Amino acid sequence: MIRSAIVPVAGHGTRLLPATKSQPKEMLPVARKPIVQYVVEELVANGIEEILFVTGRNKASIENHFDSDPELTRVLHAGNKKDLLAELEFEELEAHFFYTRQRFQRGLGDAVLCGQNFAGEQPVLVALGDSILGLHAQSKAVSRMAKLFEDKRASCIIAVEEVPWEDVHHYGIMDVIPSDGDSLRVTRIIEKPSREEAPSNLAVAGRYIFSPLIFDMISRVKPDKRNEIQLTDAIQMLCEEGKRVLAMKLEPDERRYDIGNFPSYFETFVEFALADPQYGCEFRVSLEKLLAKGK
Ligand code: UTP
């Protein structure tokens with residue numbers, strides 16, 4: 001079983017400015033909850049017990065969100081606001097939270113390296129703090145990845161999904177050959193290729209499991225043109241050294257919602273709001289009226 005996860009949340013989130021000027025993009029709401037709460041709930045539902053957030057400046061609200069707030073609880077109790085108290089039940093999640101800082105935002109690879117001591121000699125999950133899997137984050141992909149990691153004695157398992165060919169330049173893209181069972185063997189991974197360069201349309205989907213080998217690889221990665229240490233380069237090194245790097249496709253209902261840019265953030269918010277058990281129907285009516293006006 002994989003018990004520990006590193007959740008990098010230290011990025012600047014520049015594509016979401018000005019919303020992210022003084023608050024982390026991982027704390028932006030999608031319908032009722034901040035994005036990172038969906039991520040944490042998904043991890044806990046998949047048996048993760050220890051979560052390390054790799055944070056940076058302006059990220060204190062993430063720590064506050066997962067801490068209890070006795071004053072707020074007291075006020076809600078005094079007002080007998082049982083329904084609102086129920087909304088704070090996530091504070092009791094069965095997980096231990098740890099925090100460390102990435103002092104300079106030098107890329108995802110560097111952020112993951114900040115979790116080396118936390119992971120120790122054990123395999124570790126890396127879950128991007130800005131990516132939700134599945135509507136309401138009920139995905140069990142992480143459990144399937146963990147099983148695959150153990151069954152296949154892999155060095156790395158990457159969750160992947162097919163993206164439209166015209167979008168491959170936004171993602172880490174895999175070159176794969178069939179493997180037995182549910183997985184594909186990754187022979188090469190390319191960060192943000194052009195459509196012509198892309199060997200497939202299978203994109204990294206924000207969840208990875210790594211053996212501790214990954215940390216040696218990241219330490220050897222040279223910074224790119226933007227002075228960032230790319231996690232993809234470290235995975236490519238694993239492939240070049242003949243280590244078993246496998247890709248596992250997400251199920252159709254486990255779509256990855258990447259919140260890192262406005263079009264995808266807007267779409268995700270609307271989809272989750274429409275699925276809200278209390279206000280979804282009402283919102284659908286307003287949205288249909290709005291859309292009809294625009295015709
Ligand atoms: P992104 O690749 O979306 O980068 O990060 P970013 O810096 O947050 O966003 P832009 O490009 O400026 O808009 C994917 C995940 O990796 C984390 C981010 O917080 C996000 O959850 N990350 C990225 C780090 O923790 N540190 C980094 O140096 C870069």
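The structure displayed is predicted, hence computed values, not measured ones. Counting starts at 1 for both ligands and their atoms, in listed order.
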A.B. asks: I'd like to know if Glu41 pairs up with Arg32 as an ion pair, taking the criterion as any Lys NZ or Arg NE/NH1/NH2 lying under 4.0 Å from an Asp or Glu carboxylate oxygen.
C.D. replies: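 Looking at Arg32 together with Glu41, the answer is no, because their closest N to O distance does not fall below 4.0 Å.
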A.B. asks: Is Asp110 in contact with ligand 1, taking contact as a heavy-atom separation below 4.0 Å?
C.D. replies: no
A.B. asks: Just let me know how Ala111 lines up against ligand 1, side chain, backbone, both or neither, with a heavy-atom cut-off below 4.0 Å.
C.D. replies: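 It is the side chain that touches ligand 1; the backbone stays farther off.
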A.B. asks: Identify the protein heavy atom lying closest to atom 11 (O) of ligand 1, giving its residue, its atom name and the separation to 0.1 Å.
C.D. replies: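 For atom 11 (O) of ligand 1, the nearest protein heavy atom comes out as Arg15 NE, 3.2 Å.
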A.B. asks: Could you identify the single nearest non-hydrogen protein atom to atom 22 (N) of ligand 1 and state the distance to 0.1 Å?
C.D. replies: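 Looking at atom 22 (N) of ligand 1, the protein heavy atom closest to it is Gly11 N, 3.5 Å.
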A.B. asks: Need the ligand 1 atom indices (1-based, order shown) with element for anything under 4.0 Å from a heavy-atom of His12.
C.D. replies: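 What qualifies from ligand 1 is 7 (O), 8 (O).
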A.B. asks: When you measure from atom 12 (O) of ligand 1 to every protein heavy atom, which one gives the shortest distance, and what is it?
C.D. replies: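 Residue, atom and distance for the closest contact: Thr14 OG1, 2.5 Å.
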A.B. asks: Any Lys/Arg nitrogen of Lys249 or Glu162 sitting under 4.0 Å from an Asp/Glu carboxylate oxygen of the other?
C.D. replies: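 Yes, this pair counts.
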A.B. asks: Should the ring pair Phe53 and Phe66 be called parallel, tilted or perpendicular, given that the plane angle runs from 0 to 90° and is split at 30 and 60?
C.D. replies: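 Phe53 vs Phe66 ring planes: parallel.
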A.B. asks: Below 4.0 angstrom from a heavy atom of Gly129, which ligand 1 atoms are there? Numbered from 1 as shown, please.
C.D. replies: 21 (O)
A.B. asks: Could you find the nearest protein heavy atom to atom 25 (O) of ligand 1 and give me its residue, atom name and distance?
C.D. replies: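 For atom 25 (O) of ligand 1, the nearest protein heavy atom is Ala10 N, 2.8 Å.
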A.B. asks: Just which atoms of ligand 1 are under 4.0 Å from any heavy atom in Glu26?
C.D. replies: 18 (C), 19 (O), 20 (C), 21 (O)
A.B. asks: What I want to find out is whether Arg226 reaches Glu191 closely enough, with some N-O distance under 4.0 Å, to be called a salt bridge.
C.D. replies: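 Looking at Arg226 and Glu191, the cut-off is not met.
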A.B. asks: Counting only nitrogen or oxygen atoms and a 3.5 angstrom limit, does Gly107 reach ligand 1?
C.D. replies: yes
A.B. asks: So among Asn201, Val204, Ile190, Val245, which one has a side-chain contact (heavy atoms from CB on, under 4.5 Å) with Met174?
C.D. replies: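 That would be Val204.
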A.B. asks: Can the ring centres of Tyr279 and Phe283 be said to be less than 6.0 Å apart?
C.D. replies: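 Here the rings of Phe283 and Tyr279 have centres that are no less than 6.0 Å from each other.
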A.B. asks: Can you list the ligand 1 atoms lying under 4.0 Å from a non-hydrogen atom of Arg106?
C.D. replies: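 Answer, ordered by atom number: 28 (O).
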A.B. asks: Is the contact between Val9 and ligand 1 made by the side chain, the backbone, both, or neither, using heavy atoms and a 4.0 Å cut-off?
C.D. replies: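 Answer for Val9: backbone.
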A.B. asks: Lys25: heavy atom below 4.0 Å from ligand 1, yes or no?
C.D. replies: yes
A.B. asks: Any atoms of ligand 1 less than 4.0 Å from a non-hydrogen atom of Gln102? List them with their elements.
C.D. replies: 24 (C), 25 (O), 26 (N), 27 (C), 28 (O)
A.B. asks: Which protein heavy atom lies closest to atom 16 (O) of ligand 1, and at what distance to 0.1 Å?
C.D. replies: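 Among all protein heavy atoms, the one nearest atom 16 (O) of ligand 1 is Leu108 CD1, 3.5 Å.
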A.B. asks: Quick check on Arg103: does its CZ atom have over 12 non-hydrogen neighbours (other residues, nucleotides or ligands) under 6.0 Å away?
C.D. replies: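 Open.
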A.B. asks: Run the ring-centre check on Tyr38 versus Tyr257 and record whether the distance is less than 6.0 Å.
C.D. replies: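 That pair fails the under 6.0 Å test.
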A.B. asks: Can you tell me how the ring of Tyr265 sits relative to the ring of Phe269, calling it parallel under 30°, perpendicular over 60° and tilted otherwise?
C.D. replies: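 Ring orientation of Tyr265 relative to Phe269: perpendicular.
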A.B. asks: For atom 14 (C) of ligand 1, what is the nearest protein heavy atom, given as residue, atom name and distance?
C.D. replies: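 It is Asp130 OD2, 3.7 Å.
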A.B. asks: Would you say Asp253's side chain and Leu135's backbone share a donor-acceptor pair under 3.5 angstrom?
C.D. replies: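 Side chain of Asp253 to backbone of Leu135, a donor-acceptor pair under 3.5 Å: no, none is there.
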